[in-house]
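Comments concern the structure below.
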Amino acid sequence: MKRFVSLFICSLLFNSLFAQFPGASHIIDSITKNSNFNGTIIIKKKSGIVYQKSFGLANFPFKVPNTIKTKYKIASVTKLFTSVLIMQLAEEGKIDVTKHIIDYLPDYTGEGGNKITIRQLLNHTSGMPNIDTVKSIESALKNGIPVYQHPFTTDELLTRYCSDKPVNEPGKVFDYNNADYIVLGKIIERIYHKTYDQVLTEKILKPLHMNNSGLLYQQNIITGLADTYFIRDDLGKLVPDLPVYMENWYAAGAMYSDANDLLLFSNALFGRKLLKQASLNEMFAPGLDEYGYGVWVYKDYTINKKNYTIVKRPGRIMGAQSMLFHILEEDATMLILSNTGTTGLDDLAAKIATKII
């Protein structure tokens, strides 16, 4: 009886939220259908969750459907977690973002060690050679993806791929580079004397009760994790992702999560539960390419003829796609998680935003 009453009350609350967002389900269902979307969407406004729904399949061969509980590879949304961990260290006085790599990794062998600052790693202006040299699926199919298809330790990743001579003057050129966040992950480990995984769990996942999130490792089976698929243009069809060691994306992109866990994180971040407002202001100050610390920030993003400040964190690794899209002035968050490469999430988020604001 108590369970029935509880479910009835939850149903009333959920329906009341949808009443404040008329036509939400129909509108977004139509957009996702036209976009061939496969995954989960959850939207939160000031009043609470106003939309949540899953589409398509988590596993195609066995026709396992995606649900609100499905876990997804969230790719570069991981960078936002890493930047939060760095800013927590800054608030504790354990790191100064104006100091250099060598100040926190004294055994770092790269020539940029005494030139590249923590801030330049955070905003992708380090000038380091880009770790991702494979730029097309044709190249990946022919030559593989060396950085991610060999079982490297994080120390090996640092020395092999993140320690070469800078190719640009630090601070002058924006270059989106996973190497920057691999270095940041190693700095986090060195300061805490723990693994990145342990720090992430202790500082963010456990306090926020994000029980369906963590780091991916090739040897671990994650219950409820969606398989990922991408489109082979040469074949004109969806195929399984190439075999990789997901842990090699490390602090730049190795996390998994589900929609409700990511909403817990988003609420805590923008609700100043993880960082103080001054730290958020620093993180969300757009620099080159309108990039802050781990996020893109658009100060004059037009939605329905009105300008808003958008904090956006997309992610993509082959078929794994993710999007955290937050409208600061409205305290509205859209989370989109997908396990196929069938839909561009930037365009999808932009279309949905016009219907929720």
Minimum heavy-atom distance between Val167 and Pro129, given as atom pair plus value: CG1-CG, 3.9 Å
Backbone N/O of Thr109 and side chain of Ser163: donor-acceptor pair under 3.5 Å: no
Expected output: side-chain Ser30 to main-chain His26 donor-acceptor under 3.5 Å: no
Ile352 and Leu348, any side-chain heavy atoms less than 4.5 Å apart: yes
Cluster check Ile68, Met323: I/L/V/M/F/W/Y, side chain < 4.5 angstrom: no
Nearest-0.5 Å distance, CG of residue Leu264 to CG of residue Leu208: 6.5 Å
Min side-chain heavy-atom separation Ser83-Leu80 under 4.5 Å: yes
pair Arg119-Glu282: side-chain heavy atoms closer than 4.5 Å: yes
Donor + acceptor pair across side chains of Tyr176, Ser76 (<3.5 Å): yes
Atom NZ of Lys165: over 12 foreign heavy atoms under 6.0 Å: no
Side-chain donor/acceptor of Asn130 to backbone N/O of Asp132, under 3.5 Å: yes
Between Asn220 and Tyr256: side-chain donor-acceptor atoms closer than 3.5 Å: no
Common cluster, Tyr217/Leu157, ILVMFWY with side-chain heavy-atom separation under 4.5 Å: yes
Listed once per pair and sorted, the salt bridge (Lys or Arg N to Asp or Glu O under 4.0 Å) pairs that draw on residues 95-109, sequence neighbours left out: Asp107-Arg190
Nearest non-hydrogen partners of Val147 and Asn248, listed with the distance: O-ND2, 2.8 Å
Residue of the set Asn38, Thr228, Thr40 for which side-chain hydrogen bond (donor to acceptor under 3.5 Å, both in side chains) holds with Asn339: Asn38
Salt bridge (charged side-chain N to carboxylate O under 4.0 Å, His left out) between Asp155 and Lys186, worked out: CA-CA 8 Å; Asp155 285 337; Lys186 296 307 296 181; 2.9 Å; yes
Check: Thr354/Asn304 side-chain N/O donor and acceptor closer than 3.5 Å: no
Distance-only donor-acceptor pairs under 3.5 Å for side chains of residues 200-207, two or more places apart:
unit_1 : atom_1 : unit_2 : atom_2 : d
Thr201 : OG1    : Asp197 : O      : 2.9
Glu202 : OE1    : Lys194 : NZ     : 2.7
Glu202 : OE2    : Lys194 : NZ     : 3.3

Side chain to side chain, Gln219 and Glu247, heavy atoms closer than 4.5 Å: yes
Asp227: side chain to side chain contact (heavy atoms under 4.5 Å, CB included) partners, not counting sequence neighbours: Asn59, Tyr229
With Tyr245 via ring-ring contact (aromatic ring centres under 6.0 Å, His included) - residues at least two apart: none
Heavy-atom pair of closest approach, residues Leu262 and Met210: N-CE, 4.5 Å
Leu141 and Arg232, any side-chain heavy atoms less than 4.5 Å apart: yes
Partners meeting side chain to side chain donor-acceptor pair (under 3.5 Å) with Asp300 (sequence neighbours left out): none
Contacts of type side chain to side chain contact (heavy atoms under 4.5 Å, CB included), residue Lys237, not counting sequence neighbours: Leu235, Val239
Value rounded to 0.5 Å, distance of CE in Met246 from OG1 in Thr78: 8.0 Å
With sequence neighbours excluded, residues passing ring-ring contact (aromatic ring centres under 6.0 Å, His included) with Phe325: Tyr301
Inter-residue atom distance Ser257.OG - Asn211.CG, 0.5 Å rounding: 10.5 Å
Gap between atom CD1 of Ile43 and atom CD1 of Ile336 - 0.5 Å precision: 7.5 Å
Interatomic spacing from CG in Asp180 to CD1 in Ile101 - rounded to 0.5 Å: 8.0 Å
Cluster check Leu345, Trp296: I/L/V/M/F/W/Y, side chain < 4.5 angstrom: yes
Within the 6.0 Å centroid threshold, strictly below: Phe152 and Tyr161: yes
Minimum-distance pair of heavy atoms, taken over all atoms of Leu242 and Phe230: N-CE2, 4.0 Å
Residues which pass side chain to side chain contact (heavy atoms under 4.5 Å, CB included) with Thr70, listed by chain and number, not counting sequence neighbours: Ala58, Asn66, Thr67, Tyr72, Ala226
Residue pair Ile231 / Gly341: nearest heavy atoms and the distance that separates them: CD1-O, 3.9 Å
Residue pair Leu184, Leu122: steps toward the side chain to side chain contact (heavy atoms under 4.5 Å, CB included) verdict: CA-CA 8 Å; Leu184 288 171; Leu122 287 164; 3.7 Å; yes
Pairwise salt bridge (Lys or Arg N to Asp or Glu O under 4.0 Å) hits with a residue in residues 316-343, at least two apart: Lys44-Asp331
ring-ring contact (aromatic ring centres under 6.0 Å, His included) partners for Phe55, two or more places apart: Phe37
ring-ring contact (aromatic ring centres under 6.0 Å, His included) between Phe284 and Tyr293, intermediate numbers included: CA-CA 7 Å; Phe284 301 154; Tyr293 295 174; 9.4 Å; no
Same apolar cluster: Val64 and Leu225, side chain cutoff 4.5 Å: no
Any Leu105 side-chain heavy atom under 4.5 Å of Val183 side chain: yes
Residue pair Gln120, Thr125: steps toward the side-chain hydrogen bond (donor to acceptor under 3.5 Å, both in side chains) verdict: CA-CA 5 Å; Gln120 289 160 353; Thr125 63; 5.1 Å; no
Residue pair Ala259 / Leu337: nearest heavy atoms and the distance that separates them: N-CD1, 3.6 Å
Donor-acceptor pair between Thr333 and His326 side chains, under 3.5 angstrom: yes
Distance-only donor-acceptor check, side chains Thr343 and Asn36, under 3.5 Å: no
Residues Tyr148 and Asn178: side-chain donor-acceptor under 3.5 angstrom: yes
Summary of salt bridge (Lys or Arg N to Asp or Glu O under 4.0 Å) pairs that have at least one residue in residues 66-77, sequence neighbours excluded: none
Plane angle bin for Tyr181 and His124 - parallel if under 30°, tilted between 30 and 60°, otherwise perpendicular: tilted
Between CD1 on residue Ile41 and NZ on residue Lys53, distance to nearest 0.5 Å: 10.0 Å
Counterpart residues, ring-ring contact (aromatic ring centres under 6.0 Å, His included), relative to Phe81 (two or more places apart): Phe265
